[in-house]
Amino acid sequence: MIAILKHGTTPEQMQHLVDWLKHMNLDVHISEGAEVTVLGLIGDTSRVDMELLKSLEMVETVKRVSEPFKQANRKFHPKDTIVEAGGVRIGGGYFAMIAGPCSVESEEQIIEVAQAVKASGANILRGGAFKPRTSPYAFQGMKGEGIKLLLKAKEATGLPIVTEIMNISTLDLFADVDIIQVGARNMQNFDLLKELGKTKKPILLKRGLANTLQELLMSAEYIMSEGNEQIILCERGIRTFETATRNTLDLSAVSVLHNLTHLPVVVDPSHATGKANLVAPMAYAAAACGADAIMVEVHNNPSCALCDGAQSLTPPQFDELSRKVRRIREAIV
């Protein structure tokens, strides 16, 4: 349920109403905009007398929210959420370019790639320290040492970093990471999501391999229910019957999510297509359809990459992509 307050409601009046609602064992989410203030009521709202609430002098209107996701719902929070990490903003008109290798392989590699993508306009560095792989025999990442190398690349370039967490037990290693990524395979690891909700760090939440958008938003709700509203949603392709690409990139998800939620939306064309020659066209399409950021895999020597070399761009290829994305953004904004 949401209650929209009339323009001119004083802070004292609002607080009195909030206290009354909390007395009914409801959590109250307050979203204050320039013209309107929305109170989101979370909990058993059946005990709330809608007609009584509507009759209050300060209340403009009262509506029930049918969707199961509440805090992530745009009805609760009409204004776009802007997530900030390391001085970089995403959402609400702010656009980010996230780039870097699939996995951290050495200090020389990650710093060289970081310097190259920054020179081409990237403002966030991605890199895998822990790598979930289908095969137990594939490269699993450098783990804690990989995070240390990412932090060295951050020191060398000033770029904030995003890297994936796989297990609650490693959370302490992410103390200096700017954005914690939850991969597709962990989208419904609810214990992990609840712990991340207590961190207050920005979370990049990837859509699962075969999950609906409502399920993605419910996973975001798990994080938000613990108090962390700094969430970035990521469309990275879903599994369909098509085999020409690694996954099927659902670009309609960008517009659908922007209608449903106030959270920013990122597109990852690298994991979606699995092929380097398809990354740029899908990145351009993502920029054109209103994505708040694009995340691209870049490697200084893709043919020798320990992970996902086939979908990685070279630094010159990323430079061209970045220039064209900026032109598309200028045309549509």
Side-chain angles (χ1 to χ4, degrees), residues 1-83 91-92 187-188 190 193-194 196-198 200 203 205 207-208 211-235 250 252-265 290 292:
M1 181 183 290
I2 61 172
I4 300 175
L5 304 187
K6 291 179 180 177
H7 184 65
T9 298
T10 67
E12 292 78 13
Q13 289 175 315
M14 183 177 69
Q15 189 58 52
H16 182 71
L17 177 57
V18 169
D19 291 342
W20 177 61
L21 293 168
K22 287 184 175 180
H23 187 67
M24 289 186 279
N25 294 321
L26 296 172
D27 289 329
V28 182
H29 181 280
I30 303 173
S31 176
E32 295 188 80
E35 298 296 329
V36 67
T37 297
V38 178
L39 302 184
L41 314 185
I42 304 167
D44 182 8
T45 57
S46 62
R47 68 188 70 190
V48 179
D49 185 335
M50 284 187 66
E51 294 307 315
L52 174 60
L53 193 54
K54 286 179 183 178
S55 70
L56 298 178
E57 181 68 25
M58 72 188 80
V59 176
E60 182 74 41
T61 187
V62 179
K63 300 177 182 178
R64 289 201 178 274
V65 177
S66 58
E67 296 89 353
F69 51 94
K70 306 300 182 185
Q71 296 188 61
N73 201 313
R74 187 173 284 282
K75 293 175 184 175
F76 266 47
H77 194 299
K79 190 176 179 181
D80 288 343
T81 286
I82 299 172
V83 176
M187 191 203 84
Q188 291 185 309
F190 301 125
L193 299 180
K194 286 189 285 188
L196 293 175
K198 300 171 185 176
K200 314 305 179 191
I203 308 297
L205 179 64
R207 183 181 181 183
N211 286 105
T212 66
L213 295 179
Q214 179 167 298
E215 288 168 338
L216 172 62
L217 289 170
M218 290 305 295
S219 290
E221 197 79 8
Y222 264 92
I223 301 171
M224 299 179 80
S225 68
E226 296 294 334
N228 186 356
E229 299 183 358
Q230 299 297 295
I231 302 168
I232 306 160
L233 304 174
C234 183
E235 165 57 38
D250 180 10
S252 66
V254 176
S255 295
V256 173
L257 287 171
H258 278 153
N259 285 326
L260 293 175
T261 183
H262 51 92
L263 301 173
V265 182
D292 298 294

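Please read these numbers as outputs of a predicted model, since none were measured by experiment.
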Can you name the closest pair of heavy atoms from Glu221 and Gln71 and give their distance?
-> OE2-N, 2.7 Å
What are the two closest non-hydrogen atoms of Met14 and Thr37, and how far apart are they?
-> SD-CG2, 3.7 Å
Minimum-distance pair of heavy atoms, taken over all atoms of Ala253 and Leu213 = CB-CD2, 3.8 Å
Show your reasoning for whether salt bridge (Lys or Arg N to Asp or Glu O under 4.0 Å) applies to Glu226 and Lys194.
-> CA-CA 6 Å; Glu226 296 294 334; Lys194 286 189 285 188; 5.8 Å; no
Can you measure from CZ (Phe76) to CE (Met1) and round to the nearest 0.5 angstrom?
-> 9.5 Å
If you look at every heavy atom in Val59 and Lys6, which pair is closest and at what distance?
-> O-CE, 3.4 Å
Residues forming a side-chain hydrogen bond (donor to acceptor under 3.5 Å, both in side chains) with Ser252, sequence neighbours excluded | Asp250
Which residues satisfy the side chain to side chain contact (heavy atoms under 4.5 Å, CB included) test with Asp44, sequence neighbours excluded?
-> Ser46, Arg47
How close do Val254 and Gly290 get, heavy atom to heavy atom, and via which atoms?
-> CG1-C, 3.9 Å
Inter-residue atom distance Ile2.CD1 - Asn73.CG, 0.5 Å rounding = 8.0 Å
Distance in Å, Ile82 CD1 paired with His262 NE2, rounded so as to fall on 0.5 Å steps = 12.5 Å
What are the two closest heavy atoms between Ala220 and Leu263, and how far apart are they?
-> CB-CD1, 4.1 Å
Report the relative orientation of the aromatic rings in Tyr222 and Phe190; use parallel for angles under 30°, tilted for 30 to 60°, perpendicular for over 60°.
-> parallel
